[in-house]
Structures are given as C-alpha cells and as structure tokens.
2 protein chains.
Amino acid sequence: MAADDVVWPDELFTDLDRTGPVPLYFQVSSRLEAAIRSGEIPPGARLENEIAIGHRLGLSRPTVRRAIQELVDKGLLVRRRGIGTQVVQGQVTRQVELTSLYEDLQSSHQEPGTKVLAHEMRPAAEDVAQALGVAPGTDVVYLRRQRSTDGVPVALLENYLPPEFSDITTEQLEARGLYQILRARGVTIRIANQKIGARRAHGDEGELLDIDRTGPVLTMERVAFDGSGRAIEFGHHCYRPDMYKFETTLVAK
Amino acid sequence: MAADDVVWPDELFTDLDRTGPVPLYFQVSSRLEAAIRSGEIPPGARLENEIAIGHRLGLSRPTVRRAIQELVDKGLLVRRRGIGTQVVQGQVTRQVELTSLYEDLQSSHQEPGTKVLAHEMRPAAEDVAQALGVAPGTDVVYLRRQRSTDGVPVALLENYLPPEFSDITTEQLEARGLYQILRARGVTIRIANQKIGARRAHGDEGELLDIDRTGPVLTMERVAFDGSGRAIEFGHHCYRPDMYKFETTLVAK
DNA sequence: TAGTGGTCTAGACCACAGG
DNA sequence: CTGTGGTCTAGACCACTAG
C-alpha cells in the first residue's frame, strides 16, 4: 500500500442540502467527480468502503452506492468485489457520454455557425416516411444546414421532421441548434438510433465542406424519438473528417 | 386507453430461481427483454406499476425497479413520473457494447476469417507508448490482421499490446478474436475510449480491402483498459465503408 | 478470518401528471 | 384527488478477495 491508499478529503462533503430539489446521490457523485477530475483524488486511489462513507456523510448505504455507481458508469471509478473502489488509472476520463445527443450543440466552446441551405415542406420518400412513421408522400419539413465553427465548415446536416414542426422559422434555425428549438417547444429527445459510416462526397458536398470534390466524408444517420416513442427527427449528416470525430467511452457491464 | 393498455403475461415470470447464482433482477429483466423483442409485449404497451409487479412476483420494489432500469438503459422502456412505464415505440437496435469486431460478426451469423499480416515485437513509438502507459522504445506486441466475412475483406486491424502478451500465437489469432484470447487468459476489458472517423486509404490498405487505392475508409482508434485501469490494448483499425457501419442506440439521462 | 462489494427486503416520503 | 415513478432509510445475507 503506497500512493494508491485510501484518500478521502471529507471537507468536500460537509454541507449536503437535504431540503433542495437536488438528490443526495447526485450531490455526492458530482462533488466526487469534480475531485477526481481536478486530481484532488488521484488515479489509483482507493475509496473508503460504502458503509463507512455513508456513516461519514450521514447517508444510507444505497444512497452512497448509487452515487458511486454514477461514476462507475462514466468510467471514472472501478469497483471490485472483495477489493474495493478505485479511481481509474490513466488519463481516461472523457466527458463525452457515448456519442452524444447534444454534442452537435454543446461542442460550442467554439463559435458555432449555421447557414440554412434549404427549409421547405417536401413529400416524404419511402425511407423518410418509414423513419418518421408517416405515410409515404406526406408533406414533411425538410432542412439542409451547413454547420461551421469559427467560420470553417464542419458538417452538412439534412433533417426531416413531422409536419407539426412546419412553423419553425429559418431565423430560429440560424440562431440555435435543432434540439434546443425542439426542447423549447416541450419536445425532448429521449432515444436515438444512429449509424456511423463513411463514403465519398458527392454533388455539392465537397464544395460546401471546403474539401476535395470526391474526398472522404464521415456520415451519420439518425432517427430520434421523444419520451412517448414517437419519431421526431430523421437526419442524414456528413462531416469533414479532419474536423470532426465521434468520441466514445465504453464501460463493460 | 386502447392498444397501449397494460399488458402483463405473467406466465413468463413464474419460476424465478432464488437459489442459483443469477440475480433476481437479471432474471426478470432478461425475460422481459425477450418478451419485448419477440413482440409478445408490443410497442406502446404500459407495464403495471412497480409495486404491483413486485407483489405479483414476490419481489420487493427496489428489485423490480432495478430490473426495469436495466431495460430503460438499453432503450427498450421509457419511464415517466406520474404516467408509468411504457415499451418504446419504433424499432430498437442493440446498444454499442464492448465487443470486438470478431464477436460482432459472429453474432450476426456471418463467418469471420482472420489473416495475420504481421505479428512481432516492436519498440513502442511515442503515441503507442503513451496509450499503453509504457516507456517509449519498450518492446510491445504488434499485430496487423485482415478481417473478412464470407471471404470478403472487411477491415484492417492494427493493435499494440504490452510485452506480457508476447506468447500469444499466430494460430490463436487466426482462430479467435483478440478479446476472446485475452478473456481466456483472465484479462477482461472493462473500459475503452474510442474515436471514430474517416480518411482516405493509403499504402496497401486499398488493395487489402479490395477497394479503390485512395478510396474512403472508416477508422476507429481505441484504447482499452482492464478492471484495474491498466491499458491492455491500443488499436487503429480501418473498415470498408460499404461493408461496415457503427450502429448505436443512445438513451438520454 | 476479516473486509469488500453484490444483492435483497420492507417499509417511507416526495414531486409530478392526470382526471 | 389518486396513482405514478424518484428518492431514501436501516437493516440483512451472500460471494469473492486478501492475508
């Protein structure tokens, strides 16, 4: 037992708020995550056992356990029966949840820009109709946008939405991300199926992405559903491969 | 309330095994998953509430809740406070899991084949050394394999492993997937970081994948860790874009 | 043998959605 | 108002790991 011994700076966990709306397990897990990401709790460090932590914080074991499980799911902690709980070694800790639903918008540490190339109603082709769960030929909203960061084009986004979203304006689309607009209307995306692939650019894609006319592009096709399972959005996007990659942290269960 | 009313075929949940090693929540969730995937419980169906299910199965609410949570995490069920739990509408694909390409092909009933193009010890370059957590110049295992399905090349797999795996044989590599070999040695991959991108084929890649010499390829870079956080594998793979795509189901939290 | 996480119980109160 | 899931408690027994 050397550097990877028990570390527990309990000053971090003194004032838990039992009256507010924030769950206790979340307060614990988020503070613990901050302490790990800042290096205050170093890689390889062993945590105290769950019961001891619970006693120290005045929490029951299931509550402590849930807080720890949150970080295990994020890949920050590893639990082994008979051993204990350890901070993962190495600079793992990537913030990205799988490949994100929100990433298109929240990678906005840079200056994201949107240029609307097309915005119209259009009868749904076979594949679009099936994805959205409408009859073929139904008029649906068609969007084509060019997304850029700091003035450099990054992606071409083609989307189809059910007709009830026909009142979305071009101005809204240029100012915000699609999912932000949907959420402001009370529509929350809960589940999405997506396929990631690659192909040659064709048509005007190379020009719009400022790459070779037939150069390689990274593609993503996605169908997104709201909480009730209704299809909200079908999209086919292509990305500049030198500007964008899908990053993922996978945790085995 | 019509077709999406409560459905609960309780014949499925009669003989829970309380003595064996399989957790009760897992028995419940796996049977429920099978019933959903088979269509026996149709999309949109509402489940009974958690307490009623627990009473029916002779289980406590937390146990039932955990079983349901497993399927919520997989994107098969949706829970809404005040409403209930529903089977998701629309098709559901499998979640990206921590498997090797070999296992992916096996589970999709194709015949995977492996040709070992290179298998040697090699001093670790800067990026390899950092990924594996060894000193630059350390001899590590280098693998280059051509993976095919039904005789058609699908991917080129380049991998680096720590020196302790130098006794893996070429015969093993041609007969099984890398992760299967590692697991048979008691090494289990727990966490992996991966980046998915695209680029042109270069060198002999086009020829080995039987595509255009500079055609587009789908790429995946991965660092995988075991339960103790030690880096086990660093890989850089490229895939034939017409033969392979990454499919994902994402669930918002 | 002692300590750990893995599982499970039988209650409780709350926030939110619906009629 | 009732019913739902969201959270929390205070115990319990077990399987696995280490020394």
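Proteins get letters first, then strands, A, B, ... in listed order; numbering begins at 1 in each.
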Measure the distance from [atom1] on [X] to [atom2] on [N] and round it to the nearest whole Å.
X        : N       : atom1 : atom2 : value
Gln86(B) : dT4(D)  : CD    : P     : 13 Å
His55(A) : dG11(D) : NE2   : P     : 11 Å
Ile51(B) : dG3(D)  : CD1   : C1'   : 10 Å
Leu77(A) : dG5(C)  : CG    : C1'   : 13 Å
Arg81(B) : dC14(C) : CZ    : C1'   : 8 Å
Ile53(B) : dT4(D)  : CD1   : C1'   : 12 Å
Leu16(B) : dT9(C)  : CG    : P     : 10 Å
Ile68(A) : dT4(C)  : CD1   : P     : 12 Å

Please determine if a side-chain N or O atom of [X] lies less than 4.0 Å away from the OP1 or OP2 oxygen of [N].
X        : N       : result
Tyr25(A) : dC8(D)  : no
Thr85(A) : dT4(C)  : no
Thr63(A) : dT9(D)  : yes
Asn49(B) : dG3(D)  : no
Arg46(A) : dG5(C)  : no
Arg80(B) : dA17(C) : no

Residues [X], [Y]: salt bridge by 4.0 Å N-O rule:
X         : Y         : value
Arg66(A)  : Glu50(A)  : no
Arg176(A) : Glu171(A) : no
Arg185(A) : Asp167(A) : yes
Arg37(A)  : Glu33(A)  : yes

Measuring from the side chain of [X] (C-beta onward, heavy atoms only), which nucleotide among [options] has the closest atom?
X        : options                  : result
Pro23(A) : dA10(D), dA12(D), dT7(D) : dT7(D)
Leu24(B) : dT9(C), dT9(D), dT4(D)   : dT9(C)
Arg79(B) : dT17(D), dG6(D), dA10(C) : dG6(D)
Arg61(B) : dT9(D), dT9(C), dT7(D)   : dT7(D)
Ser60(B) : dC16(C), dC8(C), dT9(D)  : dC8(C)
Arg65(A) : dC8(D), dG6(C), dG5(D)   : dG6(C)
Glu50(B) : dG18(C), dG5(D), dG5(C)  : dG5(D)
Ile83(A) : dT9(C), dG5(C), dT17(D)  : dT17(D)

Close side-chain approach of Asn159(B) and Val141(B), heavy atoms under 4.5 Å: no
Identified pairing partner of dG3(D), criterion: Watson-Crick or G-U wobble below 3.5 Å: dC16(C)
Any side-chain donor near an acceptor of the partner, Tyr25(A) and Gln69(A), under 3.5 Å: no
Touch class at under 4.0 angstrom, heavy-atom based, for Arg66(A) against every strand present: sugar-phosphate
